[in-house]
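If you read the sequence from its start, that first residue is 1, and numbering goes on from there. In listed order, ligands and their atoms are each counted from 1.
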Amino acid sequence: MTTPRWDPAQYLRHAGHRARPFADLLARIPALPGDRPRIADLGCGPGNVTALLAGRWPTARITGYDNSPEMLDKAHVDHEGPTAGGRLDFAHADLRTWAPTEPYDLIVSNATLQWVPGHADRFPDWIAALTPGGTLAFQVPDNIDAPLHALMRDLAATPRWRDRLAGVLRRTDSVATPGAYLDLLTRLGCTADVWQTTYFHVLGGEDPVLDWVKGTGLRPALTALADDPRARDAFLTEYRDLLREAYPSAPYGTVLPFRRLFAVAVKGA
Ligand SMILES: C[S@@+](CC[C@H](N)C(=O)[O-])C[C@H]1O[C@@H](n2cnc3c(N)ncnc32)[C@H](O)[C@@H]1O
């Protein structure tokens, strides 16, 4: 997979829809140990969902970690600073190697771990860093077989594009099964709650599914074609036509079914 270059403005165009699973994840996280919890948000992006953590735990010290300079710049400008009784800040980290250097009461990650190959191998270190009764909670898209990804993969594999895009897109095994996460987290000494939800996002505007994917799943292809705008635009046109057929518009908008996987693992006290 090509390391994608992120575009916070494009990503935030669907911020309302994208934040909803985070709210659903947050609702299942139990009370944290300690009055002034220490929280890490892994893959914080532009920081808008990290800021929701400060709303739930106003006295917490919260750090959002990310490896995209573009996303971190946006997070610094929009969200860094004191909260009610705590603090929200942002720092560079690569989650493939990030090792906690202090105890955390909550390690949370939204819509990120699918971009981190081998993320489940990091769980033992992350859980070891949790305080007793602390929580590891994450949400990942679980829709790699959905038309928006399958059509992207199929198009990238055609003779016209395969020389430019072979091996560029996210792998189909980037997310494990719900049962595999449940088994692993339980074996690591946690009480785990794992579930899936399919959202039926009703999107407005022209070609809204393309617009959605340009903020996320298409980033590796857009990054790989960035030095050739004509090729990038040709790829986008072909992909857009496929998406129009797969996601027809209705009088009330375009429906994007989107399955997501959630896990909340509480470490034994
Ligand atoms: C889809 S965005 C999610 C952002 C935010 N958590 C949210 O829910 O809006 C994925 C984020 O993961 C970050 N990311 C991907 N791979 C990473 C890695 N290896 N280390 C750190 N951050 C990574 C990206 O830079 C991007 O900001």
Using distance alone, determine whether [X] and ligand 1 share an N or O pair under 3.5 Å.
{"X": "Asn67", "value": "yes"}
{"X": "Leu95", "value": "yes"}
{"X": "Asp66", "value": "yes"}
{"X": "Tyr11", "value": "yes"}
{"X": "Gln114", "value": "no"}
{"X": "Asp94", "value": "yes"}

Practice problem: Could you check atom 16 (N) of ligand 1 against the protein and tell me its nearest heavy-atom contact, residue, atom and distance included? | Solution: Trp115 CB, 3.8 Å
Quiz item: What is the nearest protein non-hydrogen atom to atom 11 (C) of ligand 1, stated with its residue, atom name and distance?
Solution: Thr112 OG1, 3.5 Å
Practice problem: May I ask you to decide whether Asp228 forms a salt bridge with Arg232, counting only side-chain N to carboxylate O separations under 4.0 Å? | Solution: no
Quiz item: Any ion pair linking Asp233 and Arg230 (charged N to carboxylate O, less than 4.0 Å)?
Solution: no
Quiz item: Do Leu188 and Val116 belong to the same hydrophobic cluster, where Ile, Leu, Val, Met, Phe, Trp and Tyr are linked whenever their side-chain heavy atoms lie under 4.5 Å apart, directly or via other members?
Solution: yes
Practice problem: Verify the ring-centre separation between Tyr181 and Phe262: is it less than 6.0 angstrom? | Solution: no
Quiz item: For the rings on Phe200 and Phe258, is their centre-to-centre separation under 6.0 Å?
Solution: no
Self-check item: Mode of Ser109 contact toward ligand 1 - side chain, backbone, both, neither (heavy atoms, under 4.0 Å)
Solution: neither
Quiz item: Would you say the side chains of Arg38 and Thr63 form a donor-acceptor pair under 3.5 Å?
Solution: yes
Quiz item: Just going by heavy-atom distances, which of Pro21, Ala19, Gly43 is nearest to atom 5 (C) of ligand 1?
Solution: Gly43
Quiz prompt | Under 3.5 Å donor-acceptor, Thr83 side chain and Gly86 backbone | solution = yes
Quiz item: Does even one non-hydrogen atom of Trp6 get within less than 4.0 Å of ligand 1?
Solution: yes
Practice problem: Run the contact test for Met71 against ligand 1 with a 4.0 Å cut-off on heavy atoms, strictly below, and give the result. | Solution: yes
Quiz prompt | Arg170 charged N/C atom sitting above Trp115 aromatic ring, 6.0 Å / 45° | solution = yes
